[in-house]
2 protein chains.
Amino acid sequence: MANKSSAAHTLANWQAPAGKSASRFSLARLDPAAKPWSSGDKESDKAAVDALAMELDALQDLFYADRRFKLLVVLQGTDTSGKDGTVRSVFSRTSPLGVHTLGWKAPSEDEKAHDYLWRIHKVMPGAGEAMIFNRSHYEDVLVPVVNQWITPEQTRQRYQHINDFERLLSDTGTVILKFMLHIGFEEQRGRLQERINDPTKHWKFSMGDLAVRKQWDDYQKAYEALLRATSTPYAPWTIVPANSKTHRNLMIATVVRDTLKKLKLRYPPSDPALQGLVIT
Amino acid sequence: MANKSSAAHTLANWQAPAGKSASRFSLARLDPAAKPWSSGDKESDKAAVDALAMELDALQDLFYADRRFKLLVVLQGTDTSGKDGTVRSVFSRTSPLGVHTLGWKAPSEDEKAHDYLWRIHKVMPGAGEAMIFNRSHYEDVLVPVVNQWITPEQTRQRYQHINDFERLLSDTGTVILKFMLHIGFEEQRGRLQERINDPTKHWKFSMGDLAVRKQWDDYQKAYEALLRATSTPYAPWTIVPANSKTHRNLMIATVVRDTLKKLKLRYPPSDPALQGLVIT
């Protein structure tokens with residue numbers, strides 16, 4: 001499992017397929033303990049993450065100057081799946097000027113008075129900016145679905161709204177990367193227990209987390225359904241085996257780096273008047 | 001022309017059809033001097049507009065209390081077509097608390113850094129609120145189209161974005177009414193001349209208006225194309241013959257009133273504890 005296999009290491013194997021083959025996608029078949037991006041050695045993987053974080057900083061600087069694109073990174077996953085940790089490890093070195101992070105909670109009264117994508121659209125990144133979402137609009141096809149606050153028909157309608165919305169973003173220059181941090185039921189047990197045992201982690205724990213844990217199977221089902229319905233060529237879902245934190249960081253940082261590299265970013269053409277200009 | 005004919009008075013005759021028959025829609029065939037909603041007497045038409053404005057005030061109060069819906073009214077039309085005048089005459093009596101008006105100009109730097117629907121979505125009305133747009137996101141399929149800043153393919157893409165966006169709004173409770181204020185070329189000439197002749201109206205005139213007037217035919221073509229592409233069952237376009245200001249007000253006020261009436265608005269159920277409660 002720890003060894004990098006070239007087949008497993010193919011990104012397509014870890015993305016929810018778009019279009020006709022989407023219905024064959026099975027979340028349960030993906031092992032949360034897999035480490036397809038790992039070198040097999042934890043220390044060198046950690047060093048690789050640090051190197052990638054540095055590389056991302058340089059790329060983001062270029063991205064900010066280039067201004068042809070916007071970047072939206074969505075991090076989704078159950079409690080303790082490592083969304084906060086990913087932000088800290090992968091995007092720690094980028095400039096706060098061009099990279100913003102937003103953690104989503106239950107909607108406010110004002111937000112509830114509007115459509116559920118209103119608060120999302122408002123904070124979309126501008127040209128050259130990156131936005132990292134810790135949870136996202138996908139919560140609106142998870143919590144209400146599992147608790148049956150909306151009908152299956154309304155759920156399908158929401159998938160359509162989300163796909164339409166993301167197409168608008170994509171058509172107008174936003175690069176969208178969506179990561180589902182995939183951990184196992186037993187892994188979550190350990191991580192929750194750790195939060196309970198460590199008083200400095202109590203603030204991260206709420207009794208409500210246990211109620212949500214009881215709905216584990218329902219959430220996995222809701223995740224599988226949304227991954228099938230909302231993975232598109234312009235906004236694909238990548239499922240990240242995330243039992244190993246180092247592997248999770250390595251894989252996400254690699255995918256973000258590779259995506260930015262493919263954009264062929266460049267500094268905007270400079271003013272010819274600057275050529276040979278000497279400041280006196 | 002001045003007499004109300006029951007056939008002409010049918011709203012469907014003045015709406016751009018949605019779906020398959022959309023391509024047969026012709027703007028030129030609709031007479032901007034027609035007065036299908038008129039009683040034939042100007043004074044009684046004016047009195048009817050006042051009565052409707054009062055009725056709209058009562059309905060809006062109910063709309064605000066009901067909170068099940070939001071209302072978006074889009075007013076589009078060439079320069080001098082009467083968008084400001086419509087706001088003043090039709091929505092003059094409604095409470096500023098629940099009714100907001102927004103006139104759209106060219107986008108700011110910050111707005112240009114985002115997709116063109118970003119600034120629109122941000123200001124969408126909340127539950128129980130109404131928003132009146134003087135110009136709108138439809139400018140983004142007019143000015144750039146006429147000036148060929150975007151390709152026909154990009155224009156089609158935008159129609160799709162707009163239809164998707166309006167479907168999201170409609171699915172989540174927004175009632176959308178779109179009015180194209182239809183005046184003739186000669187009528188515009190007279191109104192622009194009036195602005196030039198009257199110093200108190202000079203602020204409403206800019207030399208740019210003359211350049212736009214030279215593109216009259218191109219704008220009519222761009223209007224016809226967008227009316228064909230973006231009139232949907234959930235957000236229909238109504239073409240308002242608007243050479244007569246009174247008729248324009250009468251027709252728009254009637255359509256808005258009729259639409260609100262169909263919603264079967266009601267005050268929310270009151271707290272049973274209020275029954276017979278005596279304040280001491």
Side-chain angles (χ1 to χ4, degrees), chain A residues 63-72 98 100 107-131 137 140-141 144 150-151 153-176 232 234-235, chain B residues 63-72 98 100 107-131 137 140-141 144 150-151 153-176 232 234-235:
Chain A
F63 190 87
Y64 189 71
D66 183 303
R67 278 182 64 92
R68 281 177 301 157
F69 304 99
K70 305 120 185 173
L71 176 66
L72 173 66
H100 304 281
S108 68
E109 280 308 307
D110 190 32
E111 288 167 349
K112 276 192 270 190
H114 292 83
D115 70 89
Y116 59 95
L117 293 176
W118 177 72
R119 63 178 186 162
I120 305 293
H121 203 168
K122 268 209 291 189
V123 299
M124 280 297 106
E129 294 176 351
M131 172 58 87
H137 42 302
D140 290 304
V141 282
I150 61 175
T151 65
E153 177 51 32
Q154 283 172 311
T155 306
R156 277 190 292 276
Q157 207 178 51
R158 287 191 180 190
Y159 294 150
Q160 185 66 49
H161 294 156
I162 291 173
N163 286 342
D164 291 342
F165 171 59
E166 292 180 349
R167 186 170 47 228
L168 162 70
L169 296 178
S170 167
D171 285 346
T172 53
T174 303
V175 175
I176 306 172
T232 56
Y234 51 86
Chain B
F63 190 87
Y64 189 70
D66 182 301
R67 280 182 62 93
R68 282 179 300 157
F69 304 99
K70 306 120 185 172
L71 176 66
L72 173 66
H100 304 280
S108 68
E109 279 308 306
D110 191 32
E111 287 167 349
K112 275 191 271 189
H114 292 83
D115 70 88
Y116 59 96
L117 294 175
W118 178 73
R119 62 177 188 165
I120 305 292
H121 203 168
K122 270 210 290 190
V123 300
M124 280 297 106
E129 294 176 350
M131 172 57 87
H137 42 303
D140 290 304
V141 281
I150 61 176
T151 65
E153 178 50 30
Q154 284 173 310
T155 307
R156 276 190 293 276
Q157 207 179 49
R158 288 191 179 190
Y159 293 150
Q160 185 66 50
H161 294 156
I162 291 172
N163 287 342
D164 291 343
F165 172 61
E166 291 180 350
R167 184 170 49 228
L168 163 69
L169 297 177
S170 167
D171 284 346
T172 52
T174 303
V175 175
I176 306 172
T232 56
Y234 52 86

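So that the names make sense, note that chain A is the first sequence line, chain B the second, and so on, each numbered from 1. Please read these numbers as outputs of a predicted model, since none were measured by experiment.
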When every non-hydrogen atom of B:His121 is compared with those of A:Asp115, the smallest separation belongs to NE2-OD2, 2.9 Å
Between A:Thr172 and B:Tyr116, the two heavy atoms sitting closest are CG2-CE2, 4.1 Å
Between A:Lys70 and B:His114, which heavy-atom pair has the shortest distance, and what is it? NZ-C, 4.1 Å
Shortest non-hydrogen contact from B:Ala113 toward A:Arg67: CB-NH2, 4.1 Å
Cut-off 4.5 Å, heavy atoms of chain B, and the answer for A:His161 is side chain
For B:Leu168 and A:Asp164: C-alpha separation, side-chain torsions, deciding distance, then whether side chain to side chain contact (heavy atoms under 4.5 Å, CB included) applies. CA-CA 9 Å; B:Leu168 163 69; A:Asp164 291 342; over 6 Å; no
Please identify each residue that fulfils side-chain hydrogen bond (donor to acceptor under 3.5 Å, both in side chains) with B:Tyr64, with sequence neighbours left out. none
Toward chain B, the part of A:Leu117 with a non-hydrogen atom under 4.5 Å: both
Heavy-atom distance under 4.5 Å to chain B: side chain of A:Lys122, backbone, both or neither? both
